[in-house]
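First the structure, in the form of structure tokens, and then the observations on it.
Just so it is clear, the model here is predicted, and its values are computed rather than measured.
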Amino acid sequence: MVNAQSSAAGLLSLLLDSDPEIQSYAIEELDKVVGLYWAEISDHVVEIEALSEPTSELSPEARNLASLLCSKIYFYLGAINDAVNAALNAGDAFTRDESAGTREYKETIISKCLDRCIADRSSATATDPRLTSIVSQVQTAGSAEPGKLRVGLALSLRDFDALEEAVRDARKRGNGDELVRYVLAEVTGGTSGNESMDVAFVDTLMRKLLELFEQSSPPDYTSIAQIWLRLDEPALAASTLNKLVAGGEKDNAKLLEAYQIGFDLADTATQEFLGKVIEALPQTEAQGEAETEASTLQALKEILSGEKSIRLYLEFLSKNNHSDLLLLKNIKDALEARASIFHSAVTFANAFAHAGTTSDQFLRDNLEWLGRASNWSMFSATAALGVIHKGSLAKGMAVLGPYLPPDHGESAPHSSPYSEGGSLYALGLIHAGHGREVKDYLKGKLRSSTDETRQHGAALGLGVACMATRDEELYEVLRDTLFQDSSVAGEASGYAMGLIMLGSGSQTALDEMMQYAHETQHEKIIRGLAIGIAFLMYGRAEQADAVIDQLLADKDAILRYGGMYTIGLAYAGTGNNQAIRKLLQIAVSDANDDVRRAAVTCLGFVLFKNHTQVPRVVQLLSQSYNPHVRQGATLALGISCAGTGLSEAIELLEPMMKDPIDFVRQGAFIALSMICIQQNKTQTPKVESIRKSLQTVVTDKHEDSLAKFGAAISQGIIDAGGRNVTISMQSKAGTPHMSAIVGMTLFTQFWYWFPLAHCLSLSFQPTAIIGLDASLKMPKFEFVSHAKPSVFAYPAPYTPPVKETVEKVKTAVLSTTARANARMKTKEKEKGSDAMETDEKPEDAEKSKTDEKKDDKDTPAKKNEPSSETLPNLVRVTPAQLRHIEFPASGRYQPVRQVGVKSSSAVEATRAARSSATQQHVQGGGIIMMRDTKSSEPAEYIELTAKLDRTPPAPATAPTMQAAAGQTSTAAEGMDVDANEEEAPVPPPFEYPFGQEGA
């Protein structure tokens, strides 16, 4: 017998023997040493294959073993496909093979078999039974795996039976619901970037997940609501809500669940979806025993309309307003108001800083500065009222009354079409996403007006207020305005048409908008239509691929620019690899700088769910020779990492604050303000230096205008909403937030049109915990934040730099005088003066006292700071702080869904959160229904400062205009509403003193 340890030649010679038993023995022995001598054995692979054929005289078992040997030879040769084919012919020999050193071989073959099977299932082609056999064996082997591996395999193979079995087994172990939530997060969260899941498959999978969630006890309605939205099934939502309300009379927990579902839907669903849910609910007119249920349904409808949420958030922003008026005054004083760009910068900074707070004190205190606005600066200044009063649905018409155009088409005395157009835009911003009451009013103004400035404001207001309603009548009115071919009105109509039909993918709208974009000669109209087409394709994923390809192939650079945003919006939050590849390719290849900048910017929309990856993706782009690509990289970081304080993103942006190109510095300032919103120096140490840099740029007289503009509005963004809102492309449930994504898309168009910057307010999300009981009132209760108060405290207010006093020059001392003084001191010492002598100079002593005071001021506070704090209802809780929140089990009020950490693991979860390098999305916060564990005892409630009486908007007449000088004292009397008053009156109207000085 040959020495098998030195060569396989002897065994190979046995293959030539005519005896089948000897050949079988040779194959068996060669299989044992193939890992050592595969190079030598491969020369005889033809003879081995011949022995594996059915015509061979070998037994079936020997033929299978010959196929297995061929498979291993091909594997070592690198011919993986041939190795897989041979392994499939090996049958049971492959599955039984336990030879030493074959683990890598088997894992590779099984992986390739799974890939083939997945490809067959995805393309709906017949699967080879031999592949099915191997996959079934893998699934059986993985049945002991309690979690994600087994579910992932079932999803890849599109095997719903295997998925259901995996969940059923997991429920026996007690983690079935967590496993189903994991599947939902993988499908909707965009963390995997799986391109194999087409829309039809995802819809089928969602219905299966809906069944699995409904089988859990109690059902996870937070996840179920996400599925309703994904499937666009308002009827299912209405049916479930109606059952919960009907059972709420006997079981208070069901009523609380119904209300919580209503608040969750109001936060994420479109107006169209919510309207259909409200229509599907039973009518509320009832008497007798059904009266209680009718009132409950009416309350639920109010919640679904969004009115209740808006009122509560308005209350929160008004009561907790920490806007820094001194900082805004510093920006105003540093920027020359006669320059239109600087006047607009201060306008935007003030609007963002006071967004939703209803505080117009800065405007009232600076009427003379305000009066210097003219033309489109006047338009932006008036529109800023819509940002400041965002959500004031009942008082919007009253606040804007002095500026709205009158009914009869004639302007009021001293009015301007710019202020009137801005007021219509402001009305839309106030009612953003809730435009039911102002729809007819704005539509009437758009139809009746002949001035393109008023039409521009009305179209923008209509689009923002009625977004995603898919109202065909509104679309036709906007289309008629577009066909007038006015560049100013047509651009706004293009945006608004896309907003109205947001996410619909309407083929009719697409054809009309695409055709007119090719016919018109106005670049502004083409740009409005290009972004409008992107809005049409919002969330459509691969269904938008044909439109994307059409736009990318267009000769017009503006339409290719729209194609970039179509990719960004269609695949928003999905992390889709194909979309990322397209954007990266165009970012480095397109001939137009605007298209390349847009391509890099839209990476932020696609990857905001994977925000920690974005700095790595755009790192090289941020160092590009092309300044437009660098500017796009800044915005991509700002969009994706907004509100996270991600250190890697900040480190990438800091050098770009000193970029030689002004608009790149502008982008870096804006991106840093988005990332650092609601961050203080304890959480993110670099925030303090960033704030100082922004202030330095604004006050630097030698800085470029564009950079100063960016630094000014960035100071408003970083303190937005009275420092009580954050920017995030995700909803509280972790799904893409439609309003925020749309608002950010419009904001990025400020590059071409400054007034669109106001749309950033659509991305602002109040960060509060607002607890309500079954009566929908705010009870007084407390909960615990397991973090030092300084970690999530409001940033310190702005302190102006102290002016240095000029020191007096010391008087020259002659040498004779010095000698005389020395003799005097010597005589005093000889006399034995009682004064105590010290080695310390007076200056040193004074300095040491100052240092002592400083140490006394800082050190004890840090040492004595508690490790946790107790917070009341209606208080700011940032997204990062949510992971530290605990509702003590002994408390009277308990949330119906988990918020923050569980009581049993509060300390451990807090420690884990502190050690985490990045901030992951944490569900919770917002408006939470609370279960009263002591309902028999009297409760204390927080009183609201204003009632939300809904009255249909009526045209307002402008009051007589007062002189600016005389208004200052009047305005001072009409300051912000005191939070302690029972009902806050409408702020006294004042007329902007526009036109007194030309800009």
Side-chain angles (χ1 to χ4, degrees), residues 263 267 306-325 327-328 350-364 385 387-396 399 430 677-678 680 716 719-726 732 761 764-773 775-783 785 789 792-797 869-879 881-882 885 893 899 925-930 939-949 974-987:
F263 282 117
D267 182 53
E307 296 177 7
K308 191 70 177 178
S309 302
I310 290 172
R311 178 188 179 186
L312 293 170
Y313 284 132
L314 196 65
E315 185 78 14
F316 162 72
L317 293 173
S318 178
K319 280 191 172 182
N320 295 275
N321 184 11
H322 281 71
S323 299
D324 197 336
L325 293 176
L327 178 61
L328 292 172
N350 172 59
F352 295 150
H354 290 96
T357 64
T358 69
S359 171
D360 53 14
Q361 186 60 36
F362 177 79
L363 299 177
R364 295 179 181 275
L385 280 177
V387 179
I388 294 171
H389 293 275
K390 183 175 181 290
S392 298
L393 304 185
K395 299 175 182 177
V399 169
I430 288 176
I677 190 172
Q678 287 200 337
N680 59 27
D719 290 334
R723 298 179 172 175
N724 291 301
V725 301
T726 189
K732 294 180 179 65
S761 61
F764 294 160
Q765 298 184 35
T767 52
I769 282 186
I770 304 175
L772 303 179
D773 64 4
S775 63
L776 295 180
K777 295 181 180 179
M778 285 190 293
K780 293 182 179 180
F781 62 82
E782 293 179 339
F783 54 94
S785 172
F792 300 107
Y794 286 99
E869 63 177 325
T870 302
L871 300 174
N873 192 8
L874 195 66
V875 70
R876 185 188 83 153
V877 176
T878 67
Q881 192 176 3
L882 280 171
I885 296 301
Y893 292 95
V899 180
I927 301 172
I928 305 167
M929 298 306 301
M930 309 296 293
E940 293 184 65
Y941 293 102
I942 300 172
E943 294 295 331
L944 298 182
T945 60
K947 294 181 179 179
L948 193 67
D949 296 327
M975 294 177 65
D976 298 341
V977 181
D978 186 358
N980 295 322
E981 293 180 5
E982 293 183 359
E983 184 175 351
V986 178

Before giving the answer on side-chain contact (heavy atoms from CB on, under 4.5 Å), spell out for S775 and Y941 the whole-Å C-alpha distance, their side-chain angles and the decisive distance to 0.1 Å.
-> CA-CA 11 Å; S775 63; Y941 293 102; 3.8 Å; yes

May I ask you to test the K395-L314 pair for a side-chain heavy-atom distance under 4.5 Å?
-> no

Between CG on residue L325 and CD on residue Q361, distance to nearest 0.5 Å = 7.0 Å

Any side-chain heavy atom of M778 sitting closer than 4.5 Å to one from L944?
-> yes

Using atom types as modelled and distance alone, determine if a side-chain donor or acceptor of T767 lies under 3.5 Å from a backbone N or O of T726.
-> no

Spell out, as yes or no, whether a donor-acceptor pair under 3.5 Å connects the side chain of D773 to the backbone of K777.
-> yes

Rounding to 0.5 Å, atoms CG (D719) and CG (L327) come to a distance of 6.5 Å

Where does the angle between the aromatic ring planes of Y794 and H322 fall among parallel (under 30°), tilted (30 to 60°) and perpendicular (over 60°)?
-> parallel

Given L776 and M929, is the side-chain contact (heavy atoms from CB on, under 4.5 Å) satisfied, shown in steps?
-> CA-CA 8 Å; L776 295 180; M929 298 306 301; 4.0 Å; yes

Passing candidate, side chain to side chain contact (heavy atoms under 4.5 Å, CB included) with F783, options T870, I885, V899 | I885

Flag the pair L317 / T358 as yes when at least one side-chain heavy-atom distance between them is below 4.5 Å, and no otherwise.
-> no

Yes or no on side-chain contact (heavy atoms from CB on, under 4.5 Å) for L363 and N350, after CA distance, side-chain angles and deciding distance?
-> CA-CA 8 Å; L363 299 177; N350 172 59; 3.5 Å; yes

If every non-hydrogen atom of V387 is compared with every non-hydrogen atom of S761, which pair is closest and at what distance?
-> CG1-CB, 3.7 Å

Check whether any side-chain heavy atom of K780 sits under 4.5 Å from a side-chain heavy atom of N873, and report yes or no.
-> no

Without swapping roles, check the side chain of R723 against the backbone of D324 for a donor-acceptor pair under 3.5 Å.
-> no

Could you tell me whether the side chain of H389 reaches within less than 4.5 Å of the side chain of V399, counting heavy atoms only?
-> yes

Are L871 and Q881 close enough that some pair of their side-chain heavy atoms sits under 4.5 Å apart?
-> yes

Is any side-chain heavy atom of I927 less than 4.5 Å from a side-chain heavy atom of Y313?
-> yes

Considering all heavy atoms of both residues, which atom of G771 and which atom of M930 are nearest to each other, and what is their separation?
-> CA-CG, 3.8 Å

From R311 CZ over to E307 CD, what is the distance, rounded to the nearest 0.5 angstrom?
-> 10.5 Å

Supply the atom-to-atom distance K308 NZ to F263 CZ, rounded to the nearest 0.5 angstrom.
-> 6.5 Å

Does the side chain of S318 reach to within under 4.5 Å of the side chain of T357, using non-hydrogen atoms?
-> no

Mind running side-chain contact (heavy atoms from CB on, under 4.5 Å) on L772 and L312 for me, showing each step along the way?
-> CA-CA 10 Å; L772 303 179; L312 293 170; 3.6 Å; yes

